[in-house]
Protein chains: 2
Amino acid sequence: MSTAADAIAQALGVLLQRRFRSGLYASLTDGVHDAVDAAAYPVLSGVARLGPVSAAALGTQIGLDRSVVSRRAAALVTAGLLTTTADPDDARATLLSLTSEGRRVVKALRMRLVAAIDAHLADWPEGQRRDFARLFAKFVEPGTL
Amino acid sequence: MSTAADAIAQALGVLLQRRFRSGLYASLTDGVHDAVDAAAYPVLSGVARLGPVSAAALGTQIGLDRSVVSRRAAALVTAGLLTTTADPDDARATLLSLTSEGRRVVKALRMRLVAAIDAHLADWPEGQRRDFARLFAKFVEPGTL
DNA sequence: TATTGTTATACTCTATAACTATA
DNA sequence: TATAGTTATAGAGTATAACAATA
């Protein structure tokens, strides 16, 4: 019977609402680039985070089937945000990388997200900001849940 | 240029991954009741939280269109977890309430979620648990984001 | 035999639109 | 007029299955 767990459960419920996720991603991606929307976001930022990566490996990391990654990536390649190179170690695989335009878009998205969070925490005392950032990062570490 | 916002942005990205949401809700609802899955969860817990409530009002609160709430609620009524009563103040509206079976299921789901969070925080110092719960609740308060 | 990328297909969830009844 | 609930329809996003190529 934990009051902390109760409060966390409730807060988690808010974040996991579809409205929160799609609303946040839609506002982040709106107007940044024609080919980037809430669905393309995880693929694009995944490639940014994981460097040259195959569709199968990226899918495993971001929780999408390789077929979905393949289709999204193809659209981002057409749009000039991703590029493909042959994997020198495995002729079956194709590695996905950001183009310079892709890097520009990822950077813009990242800045928007950080700016939105900064604005949201504008009136928080610095100590609380720091504490929350540290504890939130710890909370999402792999493990239970 | 905020280190805190950077860390929060990254943690948020983890929580908003589809895998996290569907995985959590699937594990919570698995085996609890045939009619309850990840899609029914928000409707059922919404009725639990908001008491007798109309489909339109519930939809507004949980971020779903009333048509979706209507369909999900109908299934939950058929399954014996929800019951409908006429709104004495508005003959257009139908109020959704939990049946005793619905209360049992909601209680079980709630216990599972709290238990999962408690287990996840098992090795956290009590002070950190309390701090995180408080700051996390504050973070999800309506506003920017 | 297993895995990669790709494509066609089906499934799940949701929003939109249209309808009737009531405010 | 506006809003409630309902239903049919369409849309978005994803997973599954099957294929050829490579491991």
Self-check item: Atom CD of B:Gln10: over 12 foreign heavy atoms under 6.0 Å
Solution: no

Practice problem: Inspect the surroundings of NZ in A:Lys107 and state if more than 12 heavy atoms from other residues, nucleotides or ligands are less than 6.0 Å away. | Solution: no

Expressed as a whole number of angstroms, how long is the span from [X]:[atom1] to [N]:[atom2]?
X: A:Arg18; N: C:dA15; atom1: CZ; atom2: P; value: 7 Å
X: A:Asp89; N: D:dT22; atom1: CG; atom2: C1'; value: 14 Å
X: B:Arg19; N: D:dA15; atom1: CZ; atom2: C1'; value: 15 Å
X: A:Leu95; N: D:dT22; atom1: CG; atom2: P; value: 16 Å
X: B:Tyr25; N: C:dC13; atom1: OH; atom2: P; value: 14 Å
X: A:Gln17; N: C:dT14; atom1: CD; atom2: P; value: 11 Å

Practice problem: Look at the side-chain heavy atoms of Ile, Leu, Val, Met, Phe, Trp and Tyr, link any pair under 4.5 Å apart, and say whether B:Ile62 and B:Leu95 land in one connected group. | Solution: no

Quiz item: In Å, rounded to the nearest 0.5 Å, how long is the span from CG of A:Leu58 to CZ of A:Arg72?
Solution: 12.5 Å

Quiz prompt | 5'-most by nearest nucleotide on DNA chain D - B:Arg92 or B:Ala74 | solution = B:Arg92

Practice problem: Check every atom of C:dT22, D:dA4, C:dG5 against the side chain of B:Ala91 and return the nucleotide holding the closest atom. | Solution: C:dT22

Quiz item: Can you tell which of D:dG5, C:dT22, D:dG13 lies closest to the side chain of A:Ala39?
Solution: D:dG13

Quiz item: Can you say whether the rings of A:Phe136 and B:Phe139 are parallel (under 30°), tilted (30 to 60°) or perpendicular (over 60°)?
Solution: tilted

Exercise. Would you indicate what B:Asp87 reaches in the nucleic acid, counting non-hydrogen atoms under 4.0 angstrom: base, sugar-phosphate, or nothing?
Key: nothing

Practice problem: With a 4.0 Å heavy-atom cut-off, tell me which residues in residues 58-73 of chain A come close to DNA chain C, sorted by residue number. | Solution: A:Arg66, A:Ser67, A:Ser70, A:Arg71

Quiz item: Could B:Arg110 and A:Asp6 be called an ion pair, given the rule that one side-chain N must be under 4.0 Å from one carboxylate O?
Solution: yes

